[in-house]
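Below: one structure, written as structure tokens.
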Amino acid sequence: MKLTTAEIEEIITYEIVVDSYTDDEVNMGWAIYMEENISYPFEAEYEVKQKGGKKHWTKVMVVDNETDDSNFEGSSYYVEIEYKGILIPVELGELREIKADEETMKTLQIWQYNQNY
């Protein structure tokens, strides 16, 4: 379900940054919202670089978040992906073709809107 711009702005205003007076409080609101509304694991694609410089997109499992209210700085949200048995922290914006539950997809849509705002 795609949210409208008005719905996204309402969620940001009344659920995420409500009662925030400083940038730190806004960042904490975002970190808490993301943590509470993203369900792990989910599938996505991540661009990997092979030896020699060739890049290709590959399916990965996003298994956890790497960002919490103590280290969130407002512009980057890091998650942990599993690739060939290795856990790698990556920025959420580096993923594409995400396949997750409806609440997670809604949260990611709100995050993306905020990143472009």
Review point. Okay, side chain of Thr104, backbone of Ser39: is any donor-acceptor separation there less than 3.5 Å?
Key: yes

Donor-acceptor pair, side chain of Glu25 and main chain of Thr22, under 3.5 angstrom = yes

Over all atoms of both residues, closest heavy-atom pair of [X] and [Y]:
X: Val60; Y: Glu82; answer: CB-O, 3.7 Å
X: Lys2; Y: Glu7; answer: O-OE1, 4.3 Å
X: Pro41; Y: Met61; answer: CB-CE, 3.7 Å
X: Tyr78; Y: Glu91; answer: CD2-N, 3.4 Å
X: Tyr77; Y: Glu35; answer: OH-N, 3.9 Å
X: Met34; Y: Thr107; answer: SD-CG2, 3.7 Å

Got more than 12 heavy atoms from elsewhere within 6.0 Å of CD, Glu102?
no

Quiz item: So, Lys59 and Glu45, do they make that salt bridge, N to O below 4.0 Å?
Solution: no

If you group Ile, Leu, Val, Met, Phe, Trp and Tyr by side-chain heavy-atom gaps below 4.5 Å, do [X] and [Y] land in one group?
X: Ile88; Y: Val62; result: yes
X: Val90; Y: Val63; result: no
X: Leu108; Y: Trp57; result: no

Side chain to side chain contact (heavy atoms under 4.5 Å, CB included) test vs His56 passes for just one of Lys49, Glu47, Gln50, namely Gln50

Side-chain contact, heavy-atom cut-off 4.5 Å: Ile38 with Trp111? no

What distance separates [X] [atom1] from [Y] [atom2], expressed to the nearest 0.5 Å?
X: Leu95; Y: Tyr46; atom1: CG; atom2: OH; result: 8.0 Å
X: Leu87; Y: Glu66; atom1: CG; atom2: CD; result: 8.5 Å
X: Thr4; Y: Glu10; atom1: OG1; atom2: CD; result: 8.5 Å

For side chain to side chain donor-acceptor pair (under 3.5 Å), just list the numbers for Tyr40 and Glu80, CA-CA rounded to whole Å, side-chain angles, deciding distance to a tenth of an Å, and then say yes or no. CA-CA 10 Å; Tyr40 298 95; Glu80 190 172 74; over 6 Å; no

